[in-house]
Engineer: 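There's a structure below that I have some questions on.
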Amino acid sequence: MSHSPDEKPCRTEGPGSSGRGEAKPLRRMFAGVPDRYDLVNRLFTLRFDERWRSLAAREILRHSPTRVLDAGSGTGDLVLHLARQLPVQTEIIGADFSEPMLSVAMKKVSRAGFRGRIGLVCTDVSNLCFPDDHFDIVSLAFAFRNLVWRNPIAEKCLAEMVRVLRPGGKIVIVESSQPGSGFLKFWYHAYLKMVVPRLGDFLSGEGGAYRYLAESARLFLNPEEVEALLAKSGFKGIRHRSLLGGVAALHVGEK
Ligand SMILES: C[S@@+](CC[C@H](N)C(=O)[O-])C[C@H]1O[C@@H](n2cnc3c(N)ncnc32)[C@H](O)[C@@H]1O
């Protein structure tokens, strides 16, 4: 993908350092999970993660974008969804600071025959290598939580996503959320506390990562708090839709 950002050079997939390195523990953690990341995700969500990503893709398609940035694109599921459905001339870029996650994404993109259509860029969302007002859509599938939950670089990440969106452009987020019903919340939290960390460690062979993922999901913001955060970051026309009783949510905001 030939993409020529204004100032900072973008590095496409390959070895080396990325970003400014503020979020190193998180980056190290994601380096340990890619091989089984998709499998574990499907298992833990009973494949609902795929359905939720396709809802995000559907929301993105509604806006007929010509340039889309998927921030924290991981193993590439959302960019693949988009490449299958958007016209060939659409610029689709997945950005992630984890080289191992990007390598898995690159293999999937090649296998699907989308190598020329999807750009995969190793960059930190807190220091994006794209010009101002460039994208029609910035999407995040299960990456928003990583960027903002107890993350010292949260404000920078939000400011960067606002910067690269064109005025009127949309942020589309699919993320875990907090169920509205106390009953569902009790069982969902018990599942996150008792099952996910242990099974995640066992299946991925990576102690720690799934403890973090489960803990951050359990303690993450409710939809109103996400909306307040988006409003504080400068988004307007903010709306959300709760999914599966509030276990996840789709958020949309406009720059
Ligand atoms: C839970 S995964 C989600 C991956 C993918 N979007 C999906 O739908 O499965 C979060 C991703 O965000 C990436 N990430 C977290 N913080 C980041 C940052 N500051 N800059 C770039 N990528 C980041 C991680 O490397 C990881 O691949």
Side-chain angles (χ1 to χ4, degrees), residues 8 10-11 13 17-45 47-57 60 68-82 92-106 108-109 118 120-130 137-161 164 171-176 192 196 200 204 206 208-217 220 243 248 250:
K8 301 168 236 170
C10 262
R11 200 161 55 70
E13 87 294 355
S17 65
S18 57
R20 288 180 180 145
E22 288 95 335
K24 276 197 179 130
L26 205 58
R27 199 184 307 173
R28 264 199 301 274
M29 195 196 73
F30 277 108
V33 295
D35 290 347
R36 298 214 171 152
Y37 175 83
D38 289 348
L39 171 76
V40 177
N41 250 355
R42 307 290 182 266
L43 269 175
F44 280 151
T45 66
R47 299 197 90 107
F48 273 101
D49 65 315
E50 294 183 303
R51 194 175 302 180
W52 294 332
R53 263 186 223 94
S54 54
L55 284 176
I60 293 166
V68 181
L69 173 68
D70 186 37
S73 51
T75 58
D77 281 347
L78 184 55
V79 285
L80 280 165
H81 253 295
L82 294 173
I92 304 170
I93 295 186
D96 203 292
F97 66 10
S98 168
E99 287 165 10
M101 292 294 254
L102 283 169
S103 321
V104 174
M106 181 46 71
K108 286 163 70 176
V109 164
I118 297 173
L120 292 173
V121 173
C122 193
T123 187
D124 194 310
V125 177
S126 67
N127 186 25
L128 287 170
C129 53
F130 304 104
I137 299 280
V138 170
S139 61
L140 300 110
F142 309 105
F144 187 72
R145 191 173 88 233
N146 302 133
L147 299 183
V148 303
W149 186 75
R150 296 189 183 170
N151 192 337
I153 59 167
E155 268 184 34
K156 278 195 203 169
C157 292
L158 286 159
E160 279 293 86
M161 292 190 287
V164 300
I171 187 165
V172 176
I173 301 166
V174 64
E175 188 50 83
S176 64
L192 289 172
V196 175
S204 70
E206 214 283 325
Y210 284 91
R211 269 194 296 280
Y212 160 82
L213 288 171
E215 167 105 330
S216 59
F220 191 57
L243 307 168
L250 181 72

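The shown structure was predicted, so the numbers you read here are calculated from the model rather than taken from an experiment. Both counts, for ligands and for their atoms, begin at 1 and track the order of listing.
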Engineer: To the closest 0.5 Å, what do you measure between CE (Met101) and CE (Met106)?
Structural biologist: 15.0 Å
Engineer: Under a 4.0 Å heavy-atom limit, does Arg53 contact ligand 1 with its side chain, its backbone, both, or neither?
Structural biologist: side chain
Engineer: Nearest 0.5 angstrom please: Asp70 CG to Leu140 CG, how far?
Structural biologist: 7.0 Å
Engineer: Which of the atoms in ligand 1, numbered in the order shown and given with their element, are less than 4.0 Å from a heavy-atom of Val125?
Structural biologist: 18 (C), 19 (N), 20 (N), 21 (C)
Engineer: Do Asp96 and Ser98 have side-chain N/O donor and acceptor atoms under 3.5 Å apart?
Structural biologist: no
Engineer: Less than 4.0 Å is my threshold; does some heavy atom of Asp77 fall inside it relative to ligand 1?
Structural biologist: no
Engineer: Taking both backbone and side-chain atoms of Ala141, is any N or O found less than 3.5 Å from an N or O belonging to ligand 1?
Structural biologist: yes
Engineer: If you draw a 6.0 Å radius around CZ in Arg47, do more than 12 non-hydrogen atoms from other residues or ligands fall strictly inside?
Structural biologist: no
Engineer: Is a side-chain donor-acceptor pair under 3.5 Å present for Arg145 with Ser176?
Structural biologist: yes
Engineer: Considering only heavy atoms of Thr123, which atoms of ligand 1 have at least one such atom less than 4.0 Å away?
Structural biologist: 20 (N), 21 (C)
Engineer: If the cut-off is 4.0 Å to any non-hydrogen atom of Met101, which atoms of ligand 1 fall inside it?
Structural biologist: 27 (O)
Engineer: Does the distance from a Lys or Arg side-chain N to an Asp or Glu carboxylate O, for Glu50 and Arg53, drop under 4.0 Å?
Structural biologist: no
Engineer: With atoms numbered from 1 as shown, which atoms in ligand 1 lie under 4.0 angstrom from a non-hydrogen atom of Leu147?
Structural biologist: 16 (N), 17 (C), 18 (C), 19 (N)
Engineer: Parallel, tilted or perpendicular: which fits the ring planes of Phe142 and Trp52, with parallel below 30° and perpendicular above 60°?
Structural biologist: tilted
Engineer: Which bit of Asn146 gets closer than 4.0 Å to ligand 1, counting heavy atoms only: side chain, backbone, both or neither?
Structural biologist: side chain
Engineer: Quick one: does Phe142 get an N or O within less than 3.5 Å of an N or O on ligand 1?
Structural biologist: no
Engineer: For ligand 1, which atoms sit closer than 4.0 Å to a heavy atom of Ser98?
Structural biologist: 25 (O)
Engineer: For Asp38 and ligand 1, answer yes if some heavy atom of the residue is under 4.0 Å from a ligand atom, otherwise no.
Structural biologist: no
Engineer: Report, in ascending order of atom number, the atoms of ligand 1 lying under 4.0 Å from any heavy atom of Ser73.
Structural biologist: 5 (C), 6 (N)
Engineer: Rounded to the nearest 0.5 Å, what separation is found between the OG atom of Ser139 and the CD1 atom of Ile173?
Structural biologist: 10.0 Å
Engineer: Has ligand 1 got any nitrogen or oxygen that is less than 3.5 angstrom from a nitrogen or oxygen of Asp124?
Structural biologist: yes
Engineer: Out of Leu78, Leu140, Asp96, whose heavy atom sits nearest atom 26 (C) of ligand 1?
Structural biologist: Asp96
Engineer: Taking the side chain as C-beta and beyond, is there a heavy-atom pair between Val79 and Ile93 under 4.5 Å?
Structural biologist: no
